[in-house]
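Scroll down for the structure; my scribbles are underneath it.
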Amino acid sequence: MTTFGATSIPQVPPERLREVARAAEDEGLDELWLWEDCFWGGGIATAAAVLAWTTRLRVGIGVLPVPLRNVALTAMETAALHRLFPGRLMVGVGHGVQDWMGQVGARPESPVTLLREYIDALRALLRGDRVTTHGRYVHLDDVQLGWPPAAPPPVLAAARGPRTLRLSGEVADGSILLQGRYLVQ
């Protein structure tokens, strides 16, 4: 099956996103990808808006930088959007651009370790599991979503280097290959 999609770069002002989303749907695209880039629009908020403005378009977030987001919050927001718009949201997570993570005081010593712990916990929460984990970065004590999705959605991982790509193959449901400033799924 061939899928046609486009990416709306974060430099598109939020007030123009509705016209971008409607044009993508009107032109018959299958997917519109958004990305959460530091200091531009947030991925969850923009995805929610695009999903509400369209009726069939699948929306991808590529990617949510995990150092900025508590895994329980990401699971809650992802689950809510999956319940509101079943089968139309794709979520990718990544360890973020380390210089930007440093700018906001969120640069982990081991981005790959954080990503592994985060994806494991996120996938478990989205399955509806009760999760207790005490990793190097991710700490959850008896956490379970009150409204998990009916079926666990795929969790994609952003990858550029060989270690992160290998990790993505081990723990994620798919990879978003970062090539410069463009996303390739």
*Does the side chain to side chain contact (heavy atoms under 4.5 Å, CB included) test come out yes or no for L126 and T78, once each step is laid out?*
CA-CA 8 Å; L126 291 173; T78 300; 4.1 Å; yes
*asked:* Under the rule for side chain to side chain contact (heavy atoms under 4.5 Å, CB included), what residues qualify as partners of T46, not counting sequence neighbours?
replied: L17, L34
_Inter-residue atom distance L167.CG - H95.NE2, 0.5 Å rounding_ = 8.0 Å
*With P13, which residues qualify under side chain to side chain contact (heavy atoms under 4.5 Å, CB included), at least two apart?*
E15, R16
*Who pairs with R22 by side-chain hydrogen bond (donor to acceptor under 3.5 Å, both in side chains), at least two apart in sequence or on another chain?*
none
*4.5 Å side-chain heavy-atom contact, V171 and V155*: no
*Give a yes or no on whether the backbone of S8 and the side-chain of Q11 come within a donor-acceptor separation of less than 3.5 Å.*
no
*For L32 and A21, which heavy atoms make the closest approach, and how far apart are they?*
CD2-CA, 4.0 Å
*Does the side chain of L51 reach to within under 4.5 Å of the side chain of L84, using non-hydrogen atoms?*
no
*Partners meeting side chain to side chain contact (heavy atoms under 4.5 Å, CB included) with A124 (sequence neighbours left out)*: R127, D129, V131
*Taking all non-hydrogen atoms of both residues, which atom of N70 and which atom of A72 are closest, and how far apart?*
OD1-N, 2.8 Å
_Restricting to non-hydrogen atoms, name the atom on W35 and the atom on V63 that form the minimum distance, rounded to 0.1 Å._
CB-N, 3.7 Å
*Angle class for the H134/H139 ring planes (parallel below 30°, perpendicular above 60°, tilted otherwise)?*
tilted
*Any residue meeting side-chain hydrogen bond (donor to acceptor under 3.5 Å, both in side chains) with T132, in chain and number order, not counting sequence neighbours*: none
*Heavy-atom pair of closest approach, residues P149 and H82*: CB-CB, 4.0 Å
*Check salt bridge (charged side-chain N to carboxylate O under 4.0 Å, His left out) between R83 and all other residues, then give those that pass, not counting sequence neighbours.*
none
*asked:* D30: which residues meet the salt bridge (charged side-chain N to carboxylate O under 4.0 Å, His left out) condition with it, sequence neighbours left out?
replied: none
*Is a donor on one side and an acceptor on the other found under 3.5 Å between the side chain of T54 and the backbone of V50?*
yes
*Check: L156 and V91 side chains under 4.5 Å, non-hydrogen atoms*: no
_Between M76 and L145, is there a side-chain heavy-atom distance shorter than 4.5 Å?_
yes
_Any side-chain heavy-atom pair of P65 and E36 under 4.5 Å_ = yes
*May I have all residue pairs that pass side-chain hydrogen bond (donor to acceptor under 3.5 Å, both in side chains) and include part of residues 147-159, sequence neighbours excluded?*
none
_Donor-acceptor pair between Y137 and S110 side chains, under 3.5 angstrom_ = no
*Take C38 and V97 through the side chain to side chain contact (heavy atoms under 4.5 Å, CB included) test and state the conclusion after the steps.*
CA-CA 9 Å; C38 277; V97 176; over 6 Å; no
_With heavy-atom distances below 4.5 Å as the criterion, would you say the side chains of Q103 and F39 are in contact?_
yes
*Mind checking salt bridge (charged side-chain N to carboxylate O under 4.0 Å, His left out) for R88 and listing every partner two or more places apart, or none if nothing turns up?*
none
_Point-to-point distance, once rounded to the nearest 0.5 Å, from OG of S168 to CZ of R116_ = 11.0 Å
*Tell me, which pairs form a salt bridge (Lys or Arg N to Asp or Glu O under 4.0 Å) where one or both residues lie in residues 140-157, sequence neighbours left out?*
R130-D142
*Say you draw a straight line from CE of M90 to CD1 of I176; how long is it, rounded to the nearest 0.5 Å?*
8.5 Å
*Start with the C-alpha gap between T74 and L64, add the side-chain angles, then the distance that decides, and say whether side chain to side chain contact (heavy atoms under 4.5 Å, CB included) holds.*
CA-CA 9 Å; T74 298; L64 299 172; 4.0 Å; yes
*Verify, without hydrogens or angle tests, whether Y118 (side chain) and V93 (backbone) share a donor-acceptor contact under 3.5 angstrom.*
no
*Sequence neighbours excluded, which residues qualify as side-chain hydrogen bond (donor to acceptor under 3.5 Å, both in side chains) partners of D173?*
R123
*salt bridge (charged side-chain N to carboxylate O under 4.0 Å, His left out) involving E117 - partner list, sequence neighbours excluded*: none
*Which heavy atom in G128 sits nearest to a heavy atom in P148, and how many Å separate them?*
CA-CB, 3.9 Å
*asked:* Checking the side chain of E25 only, and the main-chain atoms of L57 only, is there a donor and an acceptor separated by less than 3.5 Å?
replied: yes
*If you round to the nearest 0.5 Å, how far is CH2 of W100 from CG of L68?*
11.0 Å
*G43 and I61: which non-hydrogen atoms are nearest, and at how many Å?*
O-CD1, 3.4 Å
*Tell me yes or no: between the side chains of E31 and W33, is some donor less than 3.5 Å from an acceptor?*
yes
_side chain to side chain contact (heavy atoms under 4.5 Å, CB included) evaluation trace for V71 with R69_ = CA-CA 6 Å; V71 68; R69 298 182 159 275; over 6 Å; no
